[in-house]
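Residue numbers begin at 1 in each chain, while the letters A, B, ... track the order of the sequences. Computed from a prediction, not measured in an experiment: that's the story for all the values here.
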Protein chains: 2
Amino acid sequence: MRRNPERRLALIDAAIEVLAREGARGLTFRAVDAEAAVPPGTASNYFANRDDLFTQVGGRIYERLLPDEATFARSREGVQDEARYTELMHELLARIAAFDTGYLALLELRLESTRRPELRAVLTKRIREDIDANVGYHAESGLPGDPTSVVLLYLALNWLILERLTLPDLFTEEEVRELVDAAVQRMMNPRGTGRG
Amino acid sequence: MRRNPERRLALIDAAIEVLAREGARGLTFRAVDAEAAVPPGTASNYFANRDDLFTQVGGRIYERLLPDEATFARSREGVQDEARYTELMHELLARIAAFDTGYLALLELRLESTRRPELRAVLTKRIREDIDANVGYHAESGLPGDPTSVVLLYLALNWLILERLTLPDLFTEEEVRELVDAAVQRMMNPRGTGRG
DNA sequence: GATGTAGTACTCTATGTGTAGTGGTTTGAA
DNA sequence: TTCAAACCACTACACATAGAGTACTACATC
């Protein structure tokens with residue numbers, strides 16, 4: 001097992017591209033070698049087996065998907081109102097569109113996790129943290145809406161992104177924009193927050 | 001190319017199981033043969049190539065996923081109010097949980113459709129029809145909420161189902177139930193339906 | 001020159017495709 | 001009732017491909 005960390009990271013990032021392009025079953029050592037433009041056999045030397053490769057990719061993918069510190073800090077600035085929140089959600093969609101292979105790879109990982117308990121544990125932990133963080137930031141921001149609002153928004157936007165990536169002709173760009181606006185507005189402003 | 005329709009259907013349904021279990025890249029003629037318990041080579045004789053197989057599965061999957069006529073008729077009965085609507089959504093989730101391989105197969109097909117234009121066209125058409133039908137039924141029912149409500153609910157519930165199938169430990173059963181309740185309530189009752 | 005990694009080369013194995021060929025069954029007409 | 005054509009299930013095989021794993025050489029660094 002070789003230990004060069006740059007090379008390992010390059011292999012993992014190559015694996016993300018392979019995942020998005022070829023699907024989970026297409027994520028082989030040889031495909032990673034080819035994608036990373038390293039000699040055949042290299043990935044074999046860096047990961048104990050395919051399960052290990054999947055798990056390491058699962059640990060990495062979220063780092064690439066989340067905004068970097070600068071972007072994140074910028075999103076905390078300015079007036080914290082609904083219009084600003086809506087704007088941030090549009091930015092979120094744009095950011096993901098710019099790294100669509102990452103999002104597709106995450107979807108492949110999710111499906112693969114039905115077969116790999118270790119991978120499932122990694123993903124569950126990461127996504128749980130992400131949701132909790134979003135709920136926390138929202139609470140701090142003083143915006144209207146409760147934790148349920150944030151989770152519902154998370155659900156709706158995720159599927160909207162999935163639609164756009166897998167079936168781009170289903171909704172027009174205009175419809176997507178309107179759906180994002182409506183999602184923020186309606187999730188954040190429940191008529192009555194208690195049970196009806 | 002052989003034409004026995006029962007056998008073809010059995011092969012397609014076997015393909016759905018294979019898709020859910022092995023993923024899109026694992027959907028090979030041989031795997032279908034094995035799943036359908038027919039001799040190797042049979043699927044080769046029923047489908048021109050893998051692309052054809054994917055397309056035919058894409059045409060079939062929605063028939064298996066949608067409720068049958070009886071269930072559908074029953075859902076139209078009774079009081080058409082928000083409580084009833086919420087109940088229907090819980091039933092929807094239960095129905096999908098009982099045929100989770102079908103839903104997983106559809107997800108695999110969606111991801112595969114990024115590589116197969118024909119399949120993408122089939123899925124886009126089917127899903128477009130499904131959304132339009134839901135919007136239509138909702139309009140007829142006289143329930144509060146507009147087409148956007150229905151689409152937002154569709155988005156949120158789909159991702160919730162995906163979470164439950166791929167990462168079952170992310171939300172507890174109780175949380176899922178509350179999210180369904182909240183989703184129906186908040187989507188259907190926007191504070192102000194107009195902009196701003 | 002000791003250590004660790006890059007890169008090469010090779011074997012072994014598994015898997016899948018496509019198709020030719022065989023035998024059985026059904027159908028319909030004489 | 002018989003026979004032949006058509007169709008289909010099933011078997012078998014030839015061919016191709018791809019991937020895993022590993023041993024080995026070459027190189028760089030300290």
| message | Counting only side-chain heavy atoms from C-beta out, which of D/dA20, D/dC8, C/dT17 sits nearest to B/N4? | response | D/dC8

| request: Tell me which nucleotide among C/dT17, C/dG7, C/dG21 gets nearest to the side chain of B/R50. | output: C/dT17

Could you check how far [atom1] of [X] sits from [atom2] of [N], rounded to whole Å?
| X | N | atom1 | atom2 | answer |
| --- | --- | --- | --- | --- |
| B/N49 | C/dG16 | CG | C1' | 14 Å |
| B/D33 | C/dT17 | CG | C1' | 11 Å |
| B/M1 | C/dG18 | CE | C1' | 13 Å |
| A/R2 | D/dT29 | CZ | P | 17 Å |
| B/N45 | C/dT17 | CG | P | 13 Å |

| task | Using the six-membered ring wherever Trp is involved, compare the ring planes of B/Y103 and A/W159 and label them parallel, tilted or perpendicular (cut-offs 30° and 60°). | result | tilted

| note | Assert: residue with more 5' nearest nucleotide on DNA chain D, out of A/P40 and B/A37, is B/A37

| query | For DNA chain D, which residues in residues 6-29 of chain B have a heavy atom at a distance below 4.0 Å? | reply | B/R7

| request: By nearest nucleotide on DNA chain C, pick out whichever of A/R3 and A/R30 is the more 5' one. | output: A/R3

| query | With a non-hydrogen cut-off below 4.0 angstrom, is A/F47 in contact with a base, only sugar-phosphate, or nothing? | reply | nothing

Between [Y] and [X], do the side chains contain a donor N or O and an acceptor N or O under 3.5 Å apart?
| X | Y | answer |
| --- | --- | --- |
| B/N45 | B/T42 | no |
| A/D52 | A/T55 | no |
| A/D146 | A/H138 | no |

| said: With a 3.5 Å distance limit and no angle check, can you tell me whether B/R128 reaches the backbone of A/L170 through a side-chain donor-acceptor pair? | reply: yes

| message | Tell me if the CD atom of A/E118 is crowded by more than 12 foreign heavy atoms within 6.0 Å. | response | no

| Any side-chain N or O of A/Y46 less than 4.0 Å from the OP1 or OP2 oxygen of C/dA6? | yes

| field | Lys/Arg-Asp/Glu bridge criterion (N-O < 4.0 Å) met for B/R60, B/D13 | value | yes

